[in-house]
Amino acid sequence: MSTDKLPTRSENFSEWYNQVIQRAEMADYAPVRGCMVVRPYGWALWENIQQALDKRFKATGHVNAAFPLFIPMSFLEKEKQHVEGFSPELAVVTIGGGEKLEEPLVVRPTSETIIGYMYSKWIKSYRDLPVLINQWGNVVRWEMRTRLFLRTLEFYWQEGHTAHATAEEAVEETVRMLNVYTDFAVNEAAVPVIPGKKSETEKFAGAVDSYTIEAMMGDTRALQAGTSHFLGQNFARAFDIQYLDPNNSLQYCWTTSWGLSTRFIGAIIMTHGDDQGLILPPRLAPIQIVVVPIYKNDQEQSKVFAAIQQVENQLSAWRHKIDLRTEVTPGFKFNDWEMRGVPLRIEIGPKDVDNGVVTLARRHLPGKAGKSTLPIDQLSTRIGSILDEIQAALLERATRFRDDHIYDPKNYDELKEIVQNGWAFSWWCGSAECEAKVKEDTKATTRCMPLDQPEGNGSCVVCGKPARRKVYFARAY
RNA sequence: CGGGGCGUGGCGCAGUCCGGCUAGCGCGCUUGCAUGGGGUGCAAGAGGUCGGAGGUUCAAAUCCUCUCGCCCCGACCA
């Protein structure tokens, strides 16, 4: 691994992104184009994301299950929009056990169809509803252009699939899960997101309405970080998910689906990282605190190690690591752990021991700015609030960055300029033509219409016709 | 699918145009000594036969033919 400096974010953001991931050992390229290996450090982050989400899913009444990887090709074809949306990116198995298969099997790109099929078997009565199931798994989409974490042929995610008796209930569920994602993003990942509704052209293939949380990355491009879909009765009709209501009349269910993937790791990296490497939010960081001992002879070593013991005794409540490597210098370790984004570093050298303190270095404040000392016996009582402060500082900084790069263009020319380095928040008439024009002219797309809309109405920034809603235009990943 | 580029120790590259000694260099790796509060220094080592197949030649990383793979831009997709 090279010890050269990273490319800076301003000189080459995507190269910075690729290198940070590999140097921090989050992920590596697999032998198959477009596939990645999530390395232990990256997976540990994903596990923390999983826990934070799973806890919220359980708290809102959901249970986990596991559905198969293979889906009969015919299932995908049952919902028109769905098959049109996914056909180009399907991986299909045509041979099994050396024999050509009667019916090709699709490697799931998402599981609405097979879960819909099972729901039609399981749901008979209004008493069976709602069904609130989530699954953690992997899916495959044969993408043309791939990026580590952001878009790979195979990725890991969770997909929730629910069935309800009424449209109102299903819509409520869709929004509830959108709020769960928002809460997770803001409070666990310190990623400020804008929850909102997708336009017709941007919505999920087969959905009635799609909702999204949109995040602004460090280069101001937008990233769809999680989605929640109201599927209406589209899949219920395609898969005959019907129940008898209390009046003994047969009704179609109303279904939802919602997902958040390992792409969110990309969101964390591009939201918080700096030119030194990753910066991970304390609540999700695989290692929250790293301890680096400093000494230059046996006498100093024993003195420092005694203090380290004292430190470690106070750190048991946090995910921590004592870096005892002897083959690298303290300076190397500082850079190494900064690359990996560990939010808090504790340095202990002879001078600290003599003064009865440790030196703290906050990752998000580079160099001397982030350093301070703390009496060694105050660690256990102070560390918790220090990590909370770092968590809050990351959210605050990311929110300010985002808000500083959102503009309200006065006219179309201004919009075209804004989306080159920011987001435009504009009145929009809602027509696909205006969306297409913006995309054609600037590569920017509508990201979402936020749930809390400003009062009143205006005129479309593109065509000037009356507009009732404001939408974010941005270039997206 | 269109345009461009690249395959040489683990990684990054030079050498290829104009065939010719034991295929080099940097990083990483191993060992030793020194060093150790911001990417440590010196020394000694290990490790490739040049993407694959075929051909030309006394001689091929280098020339020719075929082939496989990857990357970038565009299209497409999210």
Side-chain angles (χ1 to χ4, degrees), chain A residues 1-6 12 14-15 18-19 22-23 25 28-35 84-90 109-110 139-153 155 157 198-199 201-205 210 212 214 221-227 259 261-263 266-267 275-277 291-301 304 323-340 345-355 357-361 363 366-371 373 439-440 443-448 474-477:
Chain A
M1 185 59 66
S2 167
T3 54
D4 293 345
K5 280 241 152 89
L6 275 176
N12 190 343
S14 65
E15 190 54 29
N18 287 333
Q19 287 201 23
Q22 290 181 81
R23 292 195 195 191
E25 299 182 341
D28 202 354
Y29 292 104
V32 176
R33 176 196 76 85
C35 292
E84 280 177 12
F86 281 103
S87 281
E89 51 188 69
L90 294 180
T110 178
V139 290
V140 169
R141 299 178 184 179
W142 214 266
E143 304 286 357
M144 304 292 257
R145 300 288 295 278
T146 57
R147 299 286 309 279
L148 291 171
F149 289 118
L150 300 180
R151 184 176 293 104
T152 46
L153 296 200
F155 58 91
W157 74 345
K198 282 288 186 190
S199 73
T201 47
E202 293 286 325
K203 77 181 188 189
F204 175 75
S210 283
T212 174
E214 295 286 324
R221 287 175 72 179
L223 185 75
Q224 177 178 303
T227 49
S261 75
T262 38
R263 174 183 252 201
D275 290 344
Q276 290 296 309
V291 181
V292 177
I294 298 156
Y295 52 86
K296 52 181 164 225
N297 53 47
D298 288 351
Q299 195 205 336
E300 286 185 359
Q301 176 176 350
V304 166
D323 188 351
L324 295 175
R325 286 178 292 176
T326 56
E327 68 275 18
V328 290
T329 61
F332 182 93
K333 293 177 183 177
F334 296 166
N335 285 283
D336 194 34
W337 292 111
E338 283 170 8
M339 183 69 73
R340 291 172 153 80
R345 179 173 75 237
I346 298 177
E347 305 169 9
I348 309 177
K351 290 180 228 162
D352 299 304
V353 177
D354 291 343
N355 296 327
V357 300
V358 296
T359 297
L360 302 180
R363 172 63 184 87
K368 286 213 170 87
K371 292 212 185 189
T373 57
K439 189 174 181 182
E440 169 82 26
K443 289 186 173 172
T445 51
T446 62
R447 302 319 304 158
C448 72
R475 302 212 295 163
Y477 276 98

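In what follows, every heavy atom counts, from backbone to side chain, and hydrogens, waters and symmetry copies are set aside. Computed from a prediction, not measured in an experiment: that's the story for all the values here. Below, chain A is the first sequence line, B the second, and so on; all start at residue 1.
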Item to check | Watson-Crick or G-U pairs under 3.5 Å in RNA chain B, rendered as dot-bracket with [ ] for crossing pairs and | for another strand | outcome: ((((((((.[[[[.)....(...]]]].((((((.....)))))).....[[[[[..)....]]]]])))))))....
Item to check | Which nucleotide in B:rA78, B:rG38, B:rG74 has an atom nearest any side-chain atom of A:E143 | outcome: B:rA78
Checklist entry - Expressed in angstrom and rounded to an integer, what is the separation of A:E25 atom CD from B:rG28 atom P? => result 15 Å
Next on the checklist: Looking only at the side chain of A:F334 (C-beta and beyond, no hydrogens), which of the listed nucleotides B:rU40, B:rG74, B:rG38 gets closest?
Outcome noted: B:rG38
Heteroatom pairs (N/O) under 3.5 angstrom, protein to nucleotides 43-47 of chain B:
none

Checklist entry - What nucleotide among B:rC76, B:rA78, B:rG37 has an atom nearest to a side-chain atom of A:K351? => result B:rG37
Checklist entry - Can you tell me how far C1' of B:rC77 sits from CD of A:E84, to the nearest Å? => result 15 Å
Next on the checklist: OP1 or OP2 of B:rG36 versus the side-chain N and O atoms of A:T329: is any pair under 4.0 Å?
Outcome noted: no
Checklist entry - Can you find a donor-acceptor pair, distance only, under 3.5 Å between A:D336 side chain and B:rG39 base? => result no
Checklist entry - Is the NZ or CZ atom of A:R263 positioned over A:F155's six-membered ring, under 6.0 angstrom from the centre and within 45° of the axis? => result no
Checklist entry - From the list B:rG39, B:rG38, B:rA78, which nucleotide is the closest neighbour of the side chain of A:M339? => result B:rG39
Item to check | Among B:rC77, B:rG38, B:rG36, the nucleotide that comes nearest once only the side chain of A:I294 is considered | outcome: B:rG36
Item to check | Side-chain N or O of A:K443 closer than 4.0 Å to phosphate OP1/OP2 of B:rG74 | outcome: yes
Checklist outcome for this item: With the side chain defined as heavy atoms from C-beta on, A:E89 is closest, among B:rC76, B:rG37, B:rC77, to B:rC77
Next on the checklist: What's A:E202 touching, base or sugar-phosphate or nothing? Going by heavy atoms closer than 4.0 Å.
Outcome noted: nothing
Checklist entry - Looking at B:rG38, B:rG37, B:rA75, which one has an atom nearest to any side-chain atom of A:K371? => result B:rG38
Next on the checklist: Suppose we call two aromatic rings close when their centres sit under 6.0 Å apart. Are A:F149 and A:Y477 close by that rule?
Outcome noted: no
Checklist entry - Could one point to a donor on the side chain of A:E338 or the base of B:rG38 with an acceptor on the other under 3.5 Å away? => result yes
Checklist entry - Given B:rU40, B:rG36, B:rA75, which nucleotide is nearest the side-chain atoms of A:F332? => result B:rU40
